[in-house]
Amino acid sequence: MVFTLGAMAFLSPVNAIIAFALSIAPLIMPIIFGKKLSKTNMAYMSKMATLNEKVKDFLSGFEVIKTFGIEKNIKEKFSASAKDSEKSRYKANKVNVGVGVLSATVMIASQILTYLVAGYFVIAGDITVGAVIAIAGLSSSIIGPIQQVTMSIANIKSTKEIRDNLLKSIEPKGSQERPMEADFGSGIYVDNLTLSYGMSKAEMELIKANEPKAIPAKTENPNGVALKNVSYAFKPNGKYAVVGGSGKSTLLRVLMGYYDDYIGNVHIGKAEMRDINRESLYKSLFMMHQNVFMLDDTLQNNIALYNSYSDEDYANAMSKSRLDEFVATLPEGSQTAMGEGGNTISGGERQRVAMARALIKGSEVIILGEAMANLDNETAYDIEKSLLETPELTCIFATHRYTKEILRKCDGVLVMRDGELVEIGTFDELYENKEYFYSLYNVSER
């Protein structure tokens, strides 16, 4: 385009200026209609999100749908949602095409005007007919790039709201720079931690001070208080179980750095959790989830996640997670494909893969947030025992199983009740106290 304008300027500087001025007119169209483009595309994305949710729900409930014979009802609901999304897509396309047509019309009008101006200069004797023909030929090299730029601007404008929402959702709250490094060698210290969903810090301070009556009516619901005045010191290489009622998972999520809007303090070494760089935090911290993410790839790639580790590190992780016995049964050993979502292996084996990932990565702290909930007692016991017998790990796990052999291996058992830490001690100490833990344990034994 720049070369073309240079050639035009050589033939007729005035014509080149006019041609350029007229050619940029179509660029104004997507700017003028930017909001409308964005609105219609956002509406389409919203309808598609609704459709995707329905598809997910229908597929996950396929057995129930078949059992109760409600296929017709479900098909009608799906069809109505699909029709809505298609109507919305039609409206979005209509606006996009309309802007494109309007831009093309303005472009053609600009081109005709350029020819008329060139014709005037021929009549005036400033340029030759040959120069006009040359300018007409060169103008196509301006039109093409301008058309591409116009469509690009239209696409950018139409997705602005979607982009903004996406960026907002993936950007951490309080995204200011976190300067501190995590030092797990000094332990994790929780001091008067209070957290409530949907409450301001001022309201949480009232909860902490045991003044719930001073809180506005909308937040008087005690279920809104997730944690209240929790204090505990997790020592390096210690093994800790969190049992009891509500608050277990929330406490572990705070230790993972998922929440910043708590009051009190969570220190890793000398650094406050809010000030710790998340990249530094997750280098040494690993959470085993209930649903283990698996790639449709080999067992080795699922453990290493495409990072390079030494054969010794890999063998050590396999041995400690007790996957080496499982590998011996596979047709191609660790190079055997696990299938989509790891559908060729059991839930227990997937949890062992997660454990091997943590070990090969060199994690200092492993947190289990009800990761064993869907496993049978024998498999869950075996995995928990493996973790507790790894001396170089700090292990913190929430559990609803009161297995004496497992809890006795813990340096501390934290007993939660309605978001409060009501008892702390070893298994034997808590059992001898004959308080809340004692009743929980005896109920689980029945």
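Throughout, residue positions are numbered sequentially from 1 according to the sequence presented.
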> What is the distance from atom OG of Ser85 to atom NZ of Lys47, rounded to the nearest 0.5 Å?
Replying inline: 9.0 Å
> Side chains of Asp382 and Arg322: closer than 4.5 Å at any heavy-atom pair?
Replying inline: yes
>> Once rounded to the nearest 0.5 Å, what's the spacing between atom CG of Leu281 and atom CD1 of Ile268?
In response: 5.0 Å
> How far apart are the closest heavy atoms of Arg352 and Ser321, and which atoms are they?
Replying inline: NH1-O, 3.0 Å
> Does the side chain of Lys54 reach to within under 4.5 Å of the side chain of Asp57, using non-hydrogen atoms?
Replying inline: no
May I have the list of side-chain donor-acceptor pairs in residues 61-73 shorter than 3.5 Å, sequence neighbours left out?
residue: Lys66; atom: NZ; partner: Glu71; partner atom: OE2; Å: 3.3
residue: Thr67; atom: OG1; partner: Glu63; partner atom: O; Å: 2.6

> Where the side chain of Arg278 meets the backbone of Ile276, is there a donor-acceptor pair that is under 3.5 Å apart?
Replying inline: yes
>> If you count heavy atoms of other groups shown closer than 6.0 angstrom to CZ of Phe3, is the number above 12?
In response: no
>> Could you report the tightest heavy-atom contact between Arg357 and Asn302, atom names first, then the distance?
In response: NE-O, 2.7 Å
> Are any side-chain N or O atoms of Ser231 and backbone N or O atoms of Asn192, one a donor and one an acceptor, separated by less than 3.5 Å?
Replying inline: yes
> For Lys36, does the NZ atom have more than 12 heavy-atom neighbours from other residues, nucleotides or ligands under 6.0 Å away?
Replying inline: no
>> Less than 4.5 Å apart, side chain to side chain, heavy atoms only: is that true for Thr399 and Glu384?
In response: yes
> Would you say His267 and Asp191 make side-chain contact, with heavy atoms under 4.5 Å?
Replying inline: no
>> Given 3.5 Å as the limit, does a donor-acceptor pair link the side chain of Thr50 with the main chain of Ser46, or not?
In response: yes
> Think Arg274 forms a cation-pi with Tyr262, using NZ or CZ under 6.0 Å from the six-ring centre and within 45 degrees of its axis?
Replying inline: yes
>> Can you confirm if the aromatic rings of Phe234 and Tyr240 lie within a centre distance of less than 6.0 Å?
In response: yes
> Just by distance, do the side chain of Ser280 and the backbone of Glu181 share a donor-acceptor pair under 3.5 Å?
Replying inline: no
> Does any non-hydrogen side-chain atom of Cys395 lie less than 4.5 Å from one of Leu368?
Replying inline: yes
> For Phe78, does its backbone N or O pair with a side-chain atom of Ser81 as donor and acceptor, under 3.5 Å?
Replying inline: no
> So, for Ser246 and Asp418, which heavy atoms are closest and what is the spacing to 0.1 Å?
Replying inline: OG-CA, 3.3 Å
> Side-chain contact, heavy-atom cut-off 4.5 Å: Leu323 with Ile303?
Replying inline: yes
> Shortest non-hydrogen contact from Leu255 to Leu285?
Replying inline: O-CD2, 3.5 Å
> Does atom NZ of Lys320 have more than 12 heavy-atom neighbours from other groups under 6.0 Å away?
Replying inline: yes
> Testing Asp296, Leu330, Thr298 for side chain to side chain contact (heavy atoms under 4.5 Å, CB included) with Met338, which one passes?
Replying inline: Leu330
> Just wondering, are more than 12 heavy atoms of other shown residues or ligands nearer than 6.0 Å to CG in Asn307?
Replying inline: yes
> Could you give the distance from CG (Asp297) to CD (Glu340), rounded to the nearest 0.5 Å?
Replying inline: 13.0 Å
> Distance only, no hydrogens: is a donor on one side chain within 3.5 Å (strictly under) of an acceptor on the other, for Asn265 and Tyr189?
Replying inline: no
